[in-house]
Amino acid sequence: MSTVPRAGLRLRFCADPGEFLAAAGDYLSADPVVSTVVTTIANRHLSQRAEGISQPDRNWWLVVSDDSGAVVGAGMRTAPYAPCPPFLLPMPDEAAVALARALHERGEEVLAVNGALPAVDLCAAELTRLGGGRVQVNQHTRLHELGELTWPPPVPGGLVAATEGDVGLVTEWSAAFMGDADEQAGRPRGASAHEVPDRAEMLRRLHAGRLWFWVDGTGEPVHLTGANPPSFGVARLGPVYTPPAQRGRGWASNAVAEVSRRIQAEGARACLFTDQANPTSNKIYAALGYRPVVDMANLVIVREALSSRHHVDRGGPE
């Protein structure tokens, strides 16, 4: 753990997700939907550590406090793929700028920033002021929470849990998920990277029972929906993937509706991310009863001596 004092602020970098949750838990639980990405990943890393799975030394968890000691912001840097963008929750404007300066002073190379607006805008702008380059928007995302579920028109088949024997198909569809989403949003395929869990991690998720297929009337899998375990009473859906040949048939709407119903039946709140440039997914989720909560963005810092094709995570589910 290291603490960086700033005028009126204290930035506390934690290497231990347990220490982070202990320090920021009250702040995170006050708005558990907005904090869903950070709390989900923190709890996942705690579970992995308990299983003896080590985490990279470069990972950090951020707690931002004011002069009174009250937590006013949080973030993390845990993304396992280049350029390993920090993910920021809402924080005071001056905290986002102070974070950029602290990262610059720490000598951390930061070529992308993800998370809540306007914090990511301010942090990225200060990083470019200090280190050069320009900020490029890779993706605008929006976090939604389900209110009252509205059922879509029924379709044949039903939801079945994916099992260990499905690991190959689940991995294949998870890998295709973001590339297809790029194309649907009008971006070049591969413009947005996301984590595809390795086989061991995918098996852990399958054993947890949080990945489901929608199977058609013949029992053939035609769609995949996943959901993270509840964290602070909130479960975030994702990935949500339908192969191209199966789209437009209502599989996704029915699968997401049923998974959402199960989440609410567990006593948890259901949320998910959408790509604001993808009108299809936004329309589907709005029709089910999902309502916007907060806008986020994935930003890339492009420097002249570097390639402009740096990839960032969509902020959504890992």
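- Arg262 and Glu258 are joined by a salt bridge, as a carboxylate oxygen and a charged side-chain nitrogen come within less than 4.0 angstrom of each other.
- By the 4.5 Å heavy-atom criterion applied to side chains, Met76 and Leu89 are not counted as neighbours.
- Classification of Glu148 and Arg261 as a salt-bridged pair fails, no side-chain N sitting under 4.0 Å from a carboxylate O.
- Although no hydrogens or angles enter the test, the distance criterion places no donor-acceptor pair under 3.5 Å between the side chain of Asn114 and the main chain of Phe87.
- Under the 4.5 Å side-chain criterion, counting only non-hydrogen atoms from C-beta, Leu127 is in contact with Cys123.
- Residues Leu237 and Tyr290 meet the side-chain proximity criterion, which asks for heavy atoms closer than 4.5 Å.
- The cationic group of Arg269 does not satisfy the cation-pi geometry with Phe232, failing either the under 6.0 Å distance to the six-membered ring centre or the 45° limit from the ring axis.
- The residues Arg58 and Glu108 are annotated as not salt-bridged, no charged nitrogen and carboxylate oxygen being separated by less than 4.0 angstrom.
- In this structure a side-chain-to-backbone donor-acceptor pair under 3.5 Å is missing from Arg142 to Thr274.
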Inset, instruction - Would you check, one step at a time, whether the test side chain to side chain contact (heavy atoms under 4.5 Å, CB included) holds for Ser174 with Leu224? - result: CA-CA 9 Å; Ser174 295; Leu224 174 71; 4.1 Å; yes
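- Formation of a donor-acceptor pair under 3.5 Å by the Arg291 side chain with backbone atoms of His144 is not found in this model.
- Trp61 approaches Thr78 most closely through the heavy-atom pair CZ2-CG2, 3.5 Å.
- The shortest non-hydrogen separation linking Asn254 to Pro153 is ND2-O, 3.1 Å.
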Inset, instruction - Determine, step by step, whether Phe213 and Trp173 satisfy the ring pair (Phe, Tyr, Trp, His ring centres under 6.0 Å) criterion, reporting the C-alpha distance in whole Å, the side-chain angles of both residues, the deciding distance to 0.1 Å, and the verdict. - result: CA-CA 11 Å; Phe213 289 121; Trp173 283 4; 5.7 Å; yes
Inset, instruction - Apply the test side chain to side chain contact (heavy atoms under 4.5 Å, CB included) to residues Arg12 and Phe20: give CA-CA distance (whole Å), side-chain angles for both, the deciding distance (0.1 Å), then the verdict. - result: CA-CA 9 Å; Arg12 179 179 175 186; Phe20 165 74; over 6 Å; no
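- In summary, Glu201 and Arg205 engage in a salt bridge, as defined by a charged side-chain N under 4.0 Å from a carboxylate O.
- Judged by distance alone, with hydrogens and angles left aside, the side-chain atoms of Ser29 form a donor-acceptor pair with the main-chain N or O of Asp26 at under 3.5 Å.
- Using modelled atom types, one side-chain atom of Asn282 and one backbone atom of Asp275 make a donor-acceptor pair closer than 3.5 Å.
- With hydrogens and angles ignored, the 3.5 Å screen pairs a side-chain donor or acceptor of His223 with a backbone N or O of Tyr241.
- Separation of atoms CZ (Phe273) and OG (Ser281) is listed at 13.0 Å; rounding is to 0.5 Å.
- Contact annotation: the side chain of Leu11 approaches that of Leu62 to within less than 4.5 Å [non-hydrogen atoms, C-beta and beyond].
- Rounded to the nearest 0.5 angstrom, Thr128 OG1 and Leu111 CG are separated by 11.5 Å.
- Taken from CG in Leu46 to CG in Leu21, the straight-line distance is 6.0 Å, to the nearest 0.5 Å.
- Taking a cutoff of 4.0 Å between a charged side-chain nitrogen and a carboxylate oxygen, Asp16 and Arg49 qualify as a salt bridge.
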Inset, instruction - Could you check Val71 against Val64 for side chain to side chain contact (heavy atoms under 4.5 Å, CB included), going step by step and ending with a plain yes or no? - result: CA-CA 6 Å; Val71 178; Val64 183; 5.9 Å; no
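- Taking the side chain as every heavy atom from C-beta outward, Thr40 and Arg44 approach each other to under 4.5 Å.
- When side chains are defined from C-beta on, Pro86 counts as touching Trp60, because their heavy atoms get closer than 4.5 Å.
- At least one side-chain heavy atom of Leu143 sits under 4.5 Å from a side-chain heavy atom of Cys271.
- Side-chain atoms of Thr36 do not come within 3.5 Å of backbone N or O of Pro32 as any donor-acceptor pair.
- A donor-acceptor contact shorter than 3.5 Å links the side chain of Asp66 to the backbone of Ala70.
- The cluster map of Ile, Leu, Val, Met, Phe, Trp and Tyr, joined by side-chain heavy atoms under 4.5 Å apart, puts Val63 and Ile41 in the same cluster.
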Inset, instruction - Assess whether side chain to side chain contact (heavy atoms under 4.5 Å, CB included) is satisfied between Val167 and Arg199, documenting all intermediate values. - result: CA-CA 8 Å; Val167 64; Arg199 180 180 175 84; 3.2 Å; yes
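- At distances below 3.5 Å, at least one donor-acceptor pair connects side-chain atoms of Gln276 with backbone N or O atoms of Thr141.
- Tracing side-chain contacts under 4.5 Å through hydrophobic residues (I, L, V, M, F, W, Y), one reaches Leu272 starting from Trp151; they form part of the same cluster.
- Remark: Glu164 does not engage Arg204 in a salt bridge, criterion side-chain N to carboxylate O under 4.0 Å.
- One N or O on the side chain of His207 and one on the backbone of Leu203 form a donor-acceptor pair closer than 3.5 Å.
- Looking only at side-chain heavy atoms (C-beta outward), Arg106 and Leu103 come within less than 4.5 Å of each other.
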